[in-house]
Amino acid sequence: MFALVDCNNFYASCERLFRPELRGKPVVVLSNNDGCVIARSQESKDLGIKMGTPWHFIQKEMKHLGVVQASSNYTLYADISARVMQNLARFTPNIEVYSIDESFLDLSGFSVCKTNLNAYGRLIRKTVLRNTGIPVGVGIAPTKTLAKIANKLSKKSKGVCVLNTPEKITEALQDFPIEDIWGIGGASAKKLWLKDIKTALHLREQPLDWVQKTFTIQGARMWYELHGRSCLPLSQVFERKKGVCTSRAFGKLTDNYGELEEATTNYASRLSEKLRKDRSCATLLSVRLLTNQFRKELPQIYPVVLIKLPHPTNNTLDLVKYSLEGLKKVYVKGYLFLKVELLATGLIPESEVQLNLFESYKGKERNKVSEVMDRLNLHFGKGTLRIATEGKTHAWTMRRQFLSPSFTTKWEDIIRVG
DNA sequence: TCTGGGGTCCTAGGACCC
DNA sequence: TCTGGGGTCCTAGGACCC
């Protein structure tokens with residue numbers, strides 16, 4: 001048996017955590033640059049606010065209705081997430097942290113006592129809520145796909161839903177919309193609707209070879225999982241990422257090369273920090289510039305260059321240098337750019353970097369510089385020590401007009417009591 | 001004025017190898 | 001008449017996830 005535990009309206013719940021005055025009020029969390037709605041409290045959902053709506057389309061009207069807006073504060077969410085996951089890990093030795101707000105728990109061995117699963121689910125909910133203040137939903141079923149479905153259904157049944165018999169599973173699938181199944185996106189849903197297949201049960205009744213032919217091996221796995229045969233194991237081992245990406249829209253469009261250089265330096269620094277955190281080194285780096293695709297009246301261009309790094313690296317000085325070289329190659333005059341995207345691939349473990357006997361590489365010294373930067377920035381705050389080409393004006397930084405305090409990760413933002 | 005930022009897996013097709 | 005049979009690696013693109 002698997003349990004899927006997921007946090008309700010996670011980002012919105014985090015925003016409310018230390019601001020009790022927001023309880024019961026509609027809250028929305030916005031994407032970078034305060035662009036789109038990416039999380040909604042229940043009250044906001046009830047107002048009909050859709051996921052992904054550009055905020056400026058509806059902002060006026062929503063403010064009128066008393067909706068509270070928040071810029072996304074990932075530092076806060078990541079810290080609260082870690083607390084939730086720590087609590088979940090107390091319930092089983094085998095847990096897969098699937099995303100920032102959900103985890104799969106392996107409950108095999110618990111399945112013998114059927115009546116207990118419901119109680120166990122309730123205990124998980126109660127514990128996480130008491131220890132972190134975050135409400136969660138629990139879905140329990142014999143496969144991950146079914147646990148996902150149970151989790152969705154749990155929102156309508158006091159936060160816990162257990163599907164542990166064939167009858168209960170069939171009943172749940174009967175009314176479950178095809179497009180809500182884990183692994184069915186827009187394109188697949190369309191194909192199924194055209195064949196008049198609208199529920200999970202109806203999909204499960206289709207012949208396996210048709211499902212496999214239409215939706216490849218992933219569709220076949222889904223089919224088995226819907227039948228209660230587990231094909232997607234819990235993955236607990238740490239797996240090195242295949243790519244690390246830093247890509248962020250600027251606060252405004254720009255054709256100023258100096259500003260692009262500053263932004264690129266900043267993004268390359270962030271990229272190398274991420275690589276060091278994962279103890280990975282990159283062998284390939286791609287640099288891309290992008291114009292604003294929504295401004296149809298402006299000329300569009302998305303030039304990219306792939307750089308083979310002469311030596312696997314994760315240090316800031318190297319990556320800034322090669323990123324700026326890449327920028328020079330892709331930059332063209334006459335366009336307004338919205339975004340620069342840096343993608344590091346061909347990742348290998350830091351510990352397996354081979355030294356080249358014939359190459360005079362100043363890796364060690366440069367790595368030391370990065371280590372010192374990390375230490376200082378951890379101690380004195382982000383950006384304390386940075387590369388000079390990052391500049392001081394930061395005209396390109398994103399808009400975050402409604403940013404909440406980092407209540408749990410920044411000394412000056414910690415709440416005072418009494 | 002304003003439209004996110006990260007990832008994963010799978011397939012097809014081309015180039016190349018023996 | 002008749003033109004092998006197995007591989008690998010790489011890239012691009014599609015679809016999906018949160």
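Since the model is a prediction, treat every value here as computed from it, not as a measurement. Below, chains carry the letters A, B, ... as their sequence lines are ordered, and counting in each starts from 1.
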Does OP1 or OP2 of B:dC2 have a side-chain N or O of A:R295 closer than 4.0 Å?
yes
Indicate whether OP1 or OP2 belonging to B:dG6 is found under 4.0 Å from a side-chain N or O atom of A:K274.
yes
Would you indicate whether the side-chain heavy atoms of A:E96 and A:S103 approach each other to under 4.5 Å?
no
With respect to the side chain of [X], which nucleotide from [options] is positioned closest?
X	options	answer
A:N32	B:dG5, B:dC9, B:dC2	B:dG5
A:K242	B:dT3, B:dT8, B:dG4	B:dT8
A:H56	B:dG4, B:dC2, B:dG7	B:dC2

I'd like to know if the side chain of [X] reaches the main chain of [Y], judged simply by a donor and an acceptor atom lying under 3.5 Å from each other, with no hydrogens or angles considered.
X	Y	answer
A:S72	A:Y74	no
A:R16	A:V27	no
A:Q300	A:N292	yes

Spacing between [X] atom [atom1] and [N] atom [atom2], to the nearest angstrom:
X	N	atom1	atom2	value
A:E239	B:dT8	CD	P	10 Å
A:N33	B:dG5	CG	P	7 Å
A:Y74	B:dG4	OH	C1'	7 Å
A:K144	B:dC9	NZ	P	12 Å
A:L343	B:dT8	CG	P	10 Å
A:M51	B:dG4	CE	P	12 Å
A:L298	B:dT3	CG	C1'	14 Å
A:Q401	B:dT1	CD	C1'	12 Å

Just wondering, more than 12 heavy atoms not from A:E239 lying within 6.0 Å of its CD?
no
For atom NZ of A:K155, is the number of surrounding heavy atoms from other residues, nucleotides or ligands below 6.0 Å larger than 12?
yes
Can you list everything that forms a side-chain contact (heavy atoms from CB on, under 4.5 Å) with A:E225? Sequence neighbours excluded, please.
A:T143, A:K144, A:T145, A:S230, A:C231, A:L232
Using atom P in both nucleotides, what's the gap between C:dC18 and B:dT3 to the nearest angstrom?
25 Å
Any chance you could list the contact pattern along nucleotides 12-18 of chain C? Use B for base contacts, S for sugar-phosphate-only contacts and - for none, protein heavy atoms under 4.0 Å, 5' to 3'.
---SSSS
Can a cation-pi geometry be assigned to A:R288 and A:Y302, taking NZ or CZ under 6.0 Å from the six-membered ring centre and within 45° of the ring axis?
no
Near DNA chain C, under 4.0 Å by heavy atom, which residues of residues 243-267 of chain A?
none
Pick the closest DNA chain B nucleotide for A:T216 and for A:Y11 by heavy atoms, then say which residue is nearer the 5' end.
A:Y11
Less than 6.0 Å separating the ring centroids of A:W182 and A:F104?
yes
Counting the benzene-type ring for Trp, do A:F250 and A:F337 have ring centres under 6.0 Å apart?
no
Which part of the nucleic acid does A:K190 contact within heavy-atom distance under 4.0 Å: base, sugar-phosphate only, or nothing?
nothing
Is there a Watson-Crick or G-U wobble partner for B:dG13 with both distances under 3.5 Å, and if so, which one is it?
C:dC10
Please name the nucleotide paired to B:dC18 by Watson-Crick or G-U wobble geometry with both distances under 3.5 Å, or report none.
C:dG5
